[in-house]
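The next block holds one structure in the form of structure tokens; read it before the comments.
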2 protein chains.
Amino acid sequence: MMTIKDVAKIAGVSVATVSRVINESGYVNIDTRKKVEAAIRQSNYSPNEVARSLYKRKSKLIGLLLPDITNPFFPQLARGIEDYMQENGYRIIFGNSDENADKELDYIRTFVQNNVVGVISSTNFPDSGAYLEMNIPVVFLDRTSNDSPSVYADGRKGGRLAAQEMVARGSSRITIIQGPAHVKPAQDRFQGAAEALAEMGISYNVIQTSSFSYTEAGQWATELFERFLDTDGVIASNDIVASAVLREAHRLGKTVPEDVQIIGFDDIPLSSLMSPSLSTIRQPARDMGSAAARLLIQLIEQDQVEDKIIQLPVSFIERETTRSRMETSKKG
Amino acid sequence: MMTIKDVAKIAGVSVATVSRVINESGYVNIDTRKKVEAAIRQSNYSPNEVARSLYKRKSKLIGLLLPDITNPFFPQLARGIEDYMQENGYRIIFGNSDENADKELDYIRTFVQNNVVGVISSTNFPDSGAYLEMNIPVVFLDRTSNDSPSVYADGRKGGRLAAQEMVARGSSRITIIQGPAHVKPAQDRFQGAAEALAEMGISYNVIQTSSFSYTEAGQWATELFERFLDTDGVIASNDIVASAVLREAHRLGKTVPEDVQIIGFDDIPLSSLMSPSLSTIRQPARDMGSAAARLLIQLIEQDQVEDKIIQLPVSFIERETTRSRMETSKKG
DNA sequence: TTGTATGCGTTATCAG
DNA sequence: CTGATAACGCATACAA
């Protein structure tokens with residue numbers, strides 16, 4: 001590998017001068033600049049980021065911690081982040097936490113060991129202290145913690161929306177699938193749906209689940225109809241579980257949405273390609289990702305930021321697992 | 001941040017000694033070791049990887065380049081890689097290439113700028129020279145290049161399998177969806193299917209596609225049935241497109257698999273949750289990922305490797321978009 | 001068994 | 001406008 005020294009030699013100047021033209025810092029004569037630039041081109045030199053990072057005590061690296069990239073919601077977040085970071089010259093060190101505190105800690109440690117200048121984390125332990133001790137900007141994504149910088153969608157609202165749309169479309173024997181207890185956003189959704197239903201005076205069933213895994217999704221769908229065969233509306237904890245429910249409904253000979261309506265959560269890309277396509281509460285995942293990236297960069301490069309806490313709106317995506325809306329109670 | 005110097009001061013020894021206990025290199029008296037270890041614990045010190053990397057001219061970082069993490073096949077690869085790397089103390093710098101040569105080059109450059117010790121790449125340009133010039137181990141994943149280290153599934157065989165299973169299950173008016181021309185594995189599949197069909201003396205239709213994007217998948221499905229309404233067997237270029245075809249078939253009032261059989265490719269996690277669940281040619285994506293990681297680490301740490309080229313088997317996953325096999329021509 | 005000094009590739013300070 | 005040089009944090013060769 002070429003070093004700044006090699007370039008200096010070729011150009012017949014000192015390393016300091018080369019450094020100046022690279023960083024456009026300090027004065028440098030137009031002619032010597034030409035020489036240096038020529039030398040750089042000729043030698044195909046590009047600066048060693050490690051040395052830079054060592055000297056400046058900060059890199060162009062950011063750490064990204066996601067629960068499981070295999071869950072289709074997270075790649076969307078990751079993409080939003082990566083694109084924005086890429087455009088701004090930052091690179092990403094990525095890790096899956098599996099919602100496991102130790103693994104998370106391990107990653108955080110190596111992040112700081114590598115001089116990352118910031119981290120974006122979708123953690124269930126935002127208050128673990130590890131984040132504070134880092135002493136570098138952190139933004140929590142799809143998660144919240146007091147008034148720490150964070151980007152998230154309004155899960156509670158999403159839950160409410162799902163409940164309202166379901167009721168407005170005529171379901172009355174509704175089952176809510178409650179996501180994993182340790183995943184905050186999942187609980188927000190549940191709470192939103194539950195409280196909206198309560199406000200409308202509609203009783204509901206609840207199925208408890210303990211993960212978002214593909215393999216278990218089928219089991220919960222099975223359990224759901226075993227316990228509540230006559231349910232006519234399912235509010236799922238995410239689109240994966242919703243798919244499983246849709247599948248199980250079919251297997252039992254039910255037609256969707258006539259016999260059972262189903263509403264998912266997230267709006268993962270595949271939900272529109274299923275048949276019937278999945279009605280769902282959309283989280284603008286990619287936007288959440290880029291918003292988080294943008295916020296983190298502000299935190300890194302400026303001392304002032306517009307908003308430390310960014311809540312993005314969710315929306316109901318009407319597709320084929322819900323019926324058309326009944327105009328039951330029109331006011332006015 | 002604590003440095004080795006701080007630790008040395010606390011322990012009342014020199015930095016060299018501290019370094020020795022950290023790296024278990026050279027002799028160090030049992031008692032002074034105790035002292036140093038205590039100092040490390042007390043100060044919560046962990047070595048600066050950047051400084052290490054600078055000195056040793058190699059890091060614990062590896063570069064990972066994938067076309068698009070948003071395509072459900074790639075997170076599986078990524079997971080296989082990440083898990084294996086994590087266990088072995090390596091971290092990943094990740095980038096999406098979008099199959100764009102410039103973006104790829106940009107990433108490769110920053111990889112070497114950051115002293116990565118190896119890269120795993122799913123590139124369409126394995127022979128671009130950029131990979132050779134890097135002078136660090138590269139393994140191509142889901143791709144091949146002469147006798148460069150690589151890990152991939154037998155796409156040709158997969159295509160053949162799909163064709164054979166489709167025919168054995170009674171389809172005769174078969175349509176193959178041909179994936180993007182610039183994506184080698186997609187062409188392998190196509191070729192395999194086409195040649196198997198040819199061998200069996202069965203004619204077929206072909207639909208050309210130019211990407212694996214979700215949004216366009218629907219259009220191709222539409223085009224497929226517009227042009228070949230009476231097709232009774234579709235061999236799709238991947239599971240996403242297969243989903244779109246399934247959906248379109250339903251929309252047109254066709255029943256699957258009675259009227260049309262559909263076989264996908266990849267076996268993404270959601271394919272088993274669809275209804276009907278998707279018959280598909282499975283690529284062991286996660287295993288491919290860990291195999292690539294394993295191979296890369298061998299390449300990095302040893303001079304000899306078992307096999308530079310690893311081909312993993314594909315398999316037909318029989319689910320609900322294909323009928324049961326007709327025992328047409330039983331020999332013996 | 002331990003300590004001192006050097007260099008890894010950069011940037012920034014300070015003379016010139 | 002340009003060039004020595006120190007320092008970033010660490011690992012190693014060499015002394016002691």
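Just so you know, these numbers use all the heavy atoms, side chains as well, and skip hydrogens, waters and symmetry mates. Predicted, not measured: the structure shown is a model, and the values here were computed from it. First the proteins, then the strands, lettered A, B, ... as listed; each starts at 1.
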Between atom CG in A/Asn48 and atom P in C/dG7, what is the gap in whole Å? 18 Å
Option passing side chain to side chain donor-acceptor pair (under 3.5 Å) with A/Thr123 (candidates A/Lys184, A/Glu99, A/Glu104): A/Glu104
Roughly how many Å is it from CG in A/Asp6 to P in C/dC8, rounded to a whole number? 11 Å
Give, ordered by number, those residues of residues 9-33 of chain B having at least one heavy-atom distance below 4.0 Å to an atom of DNA chain C; if nothing qualifies, reply none. B/Val13, B/Ser14, B/Ala16, B/Thr17, B/Arg20, B/Tyr27, B/Val28, B/Asn29, B/Thr32
In whole angstroms, how far is the P atom of D/dG9 from the NZ atom of A/Lys56? 15 Å
Gap between atoms CE and P, on B/Met2 and D/dC10 respectively (whole Å): 11 Å
Looking only at C/dG9, D/dA11, C/dT11, the nucleotide nearest the B/Leu54 side chain is C/dG9
What's the CD-P distance between A/Gln113 and D/dA11, to the nearest Å? 11 Å
d(NZ, B/Lys35; P, C/dT1) in whole Å: 14 Å
Under a 4.5 Å cut-off applied to non-hydrogen side-chain atoms, are A/Asp142 and A/Phe73 in contact? yes
Send over the distance from A/Ile4 CD1 to D/dG3 C1', rounded to a whole Å. 13 Å
Between D/dC10 atom C1' and A/Asn114 atom CG, what is the distance in whole Å? 14 Å
Taking the side chain as every heavy atom from C-beta outward, state whether A/Asn96 and A/Phe74 have any atom pair closer than 4.5 Å. no
Are any of B/Tyr55's side-chain N or O atoms less than 4.0 Å away from OP1 or OP2 of C/dT10? no
Ring-plane angle category for B/Phe94 and A/Phe94, please: parallel below 30°, perpendicular beyond 60°, tilted otherwise. tilted
Hey, are the side chains of A/Val117 and A/Ile136 touching, using non-hydrogen atoms and a 4.5 Å cut-off? no
Side-chain N,O (B/Arg52) to OP1/OP2 (D/dC10) below 4.0 Å: no
Using 0.5 Å steps for rounding, measure from the CG atom of A/Leu295 to the CD1 atom of A/Ile120. 8.0 Å
Close side-chain approach of B/Lys103 to A/Gln86, heavy-atom, < 4.5 Å: yes
Do any side-chain nitrogens or oxygens of B/Arg57 fall under 4.0 Å of OP1 or OP2 in C/dG7? no
